[in-house]
Amino acid sequence: MRNCGQFWVLTMAKLSRKLPLSFYRRPDVVQIAKELLGKKLVSFVDGQLTSGLIVETEAYAGSTDRASHGYGGRRTARNEMLYQAGGVAYVYLCYGIHHLFNVVTNEAGIPHAVLIRAIQPEEGIEYMLRRAGKQQLDYSLTAGPGALSRALGIHYRQHNGVKLTGNLIWIEDALSVPDTEVVATTRVGVAYAQEDAWLPYRFYLRDNPWVSKAKGL
DNA sequence: ATTGAGATTATT
DNA sequence: ATAATCTCAATC
């Protein structure tokens, strides 16, 4: 019985609707960001299965996007994973405190990524609350990129570069989201990107209360 | 070697 | 408004 949890997690992962590499390795990162809405982001960290539906994303279009860590082909120890072939995680530390989870897309050498900005909790809510040191479930648990990583136990040292086809962090097909439910707007916190700050690269589910309350720009 | 700003959040 | 505090690029 003691191994039951792990058995089921691994079994369900095998039988699940886990997204294939072909989903990630497409060239249109903006389209992928939109399509990730309604998908289920799952983590199996420290023996705890936690998940939520993706309700907010942002596309970062690599070398041509002033807001991207890969702008102009910039390549450093921190952003190295951006240059991997699509289907791995790019997790970096923001403001020295927050672990921001990105989905790397496109082929190797092209630093495209989608930042996951908010999820609606599904499984393992007790584990998420414990990780956040919270007693009560409220929107602050997973509405915001730093908050969701904390809830899912995602850490930049342990999870930067992990394969999204593996059994640590992955994304499953879940809801079918019609275009009429998707809002496109400007990205958050990218004023430094000048004209690229006005690109409509942020997507969220209309009227979903788990979308982050961050102000645009 | 030092400094300032950043894909943020909780608190004052 | 501000603190918390890691990484990177620019400047000294």
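The figures that follow rest on heavy atoms only: side chains count, while hydrogens, waters and symmetry mates do not.
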So does A/Gln31 have more than 12 non-hydrogen atoms from other groups sitting under 6.0 Å from CD?
yes
Measuring only the C1' atom in each nucleotide, how far is B/dA10 from C/dT7? A whole number of Å is fine.
22 Å
How far does the P atom of B/dG4 sit from the matching atom of C/dT2, given to the nearest Å?
16 Å
As a test of understanding, state which of A/Arg202, A/Arg206, A/Lys213 forms a salt bridge (charged side-chain N to carboxylate O under 4.0 Å, His left out) with A/Glu56.
A/Arg202
Checking side-chain contact (heavy atoms from CB on, under 4.5 Å) between A/Tyr24 and each of A/Ile171, A/Val88, A/Val104, A/Asn106, which is the one that passes?
A/Ile171
Might you work through the side-chain contact (heavy atoms from CB on, under 4.5 Å) test for A/Gln48 and A/Arg130, ending with a clear yes or no?
CA-CA 11 Å; A/Gln48 302 174 344; A/Arg130 193 175 313 155; 4.1 Å; yes
Could you tell me whether A/Ala147 contacts a base, only the sugar-phosphate backbone, or nothing, with contacts defined as non-hydrogen atoms closer than 4.0 Å?
sugar-phosphate
Mind checking A/Tyr156 for me? I need base, sugar-phosphate or nothing, with any heavy atom below 4.0 Å counting as a touch.
sugar-phosphate
Should A/Arg150 be listed as having a side-chain N or O under 4.0 Å from OP1 or OP2 of B/dT9?
no
Looking at A/Gly70 and A/Leu82, what are the two nearest heavy atoms and their distance?
N-CD1, 3.9 Å
Quick check: closest heavy atoms across A/Ala59 and A/Val29, and the distance to 0.1 Å?
CB-O, 3.8 Å
With heavy atoms of chain A within less than 4.0 Å as the criterion, where does contact along DNA chain C begin and end?
C/dA4 to C/dA9
If we count only N and O atoms by modelled type, under 3.5 Å, do the side chains of A/Ser51 and A/Glu122 hold a donor and an acceptor together?
no
Counting only non-hydrogen atoms, which of [range] are less than 4.0 Å from DNA chain C?
{"range": "residues 65-93 of chain A", "answer": "A/Arg74, A/Thr76, A/Ala77, A/Arg78, A/Leu93"}
{"range": "residues 123-143 of chain A", "answer": "none"}
{"range": "residues 94-102 of chain A", "answer": "A/Tyr95, A/Gly96, A/Ile97"}

Determine, step by step, whether A/Glu58 and A/Arg117 satisfy the salt bridge (Lys or Arg N to Asp or Glu O under 4.0 Å) criterion, reporting the C-alpha distance in whole Å, the side-chain angles of both residues, the deciding distance to 0.1 Å, and the verdict.
CA-CA 7 Å; A/Glu58 283 176 357; A/Arg117 288 194 53 87; 3.7 Å; yes
Give the dot-bracket string for DNA chain C, reading 5' to 3', where a pair is Watson-Crick or G-U wobble with both distances under 3.5 Å, ( ) marks pairs inside the strand, [ ] marks pairs crossing earlier ones, | marks a partner on another strand, and . marks unpaired.
||||.||||||.
With ring-ring contact (aromatic ring centres under 6.0 Å, His included) as the rule and sequence neighbours excluded, what pairs involving residues 103-146 of chain A come up?
A/Tyr139-A/Trp210
Report the C-alpha distance between A/Leu141 and A/Gln136 in whole Å, list the side-chain angles of each, state the deciding distance to 0.1 Å, and finish with yes or no for side-chain contact (heavy atoms from CB on, under 4.5 Å).
CA-CA 9 Å; A/Leu141 183 64; A/Gln136 301 285 338; over 6 Å; no
Check step by step if side-chain contact (heavy atoms from CB on, under 4.5 Å) holds for A/Asn79 and A/Tyr90.
CA-CA 7 Å; A/Asn79 74 7; A/Tyr90 168 46; 3.7 Å; yes
Mind checking whether A/His99 and A/Tyr156 have parallel, tilted or perpendicular rings, split at 30° and 60°?
tilted
Kindly determine whether A/Arg131 and A/Asp46 satisfy salt bridge (Lys or Arg N to Asp or Glu O under 4.0 Å), including the steps that lead there.
CA-CA 11 Å; A/Arg131 286 173 178 146; A/Asp46 297 329; 5.2 Å; no
Test your reading of the model: is there a side-chain donor-acceptor pair from A/Lys34 to the backbone of A/Val30, 3.5 Å cut-off?
no
Verdict with reasoning, A/Val190 to A/Tyr60, per side-chain contact (heavy atoms from CB on, under 4.5 Å)
CA-CA 11 Å; A/Val190 296; A/Tyr60 285 86; 3.6 Å; yes
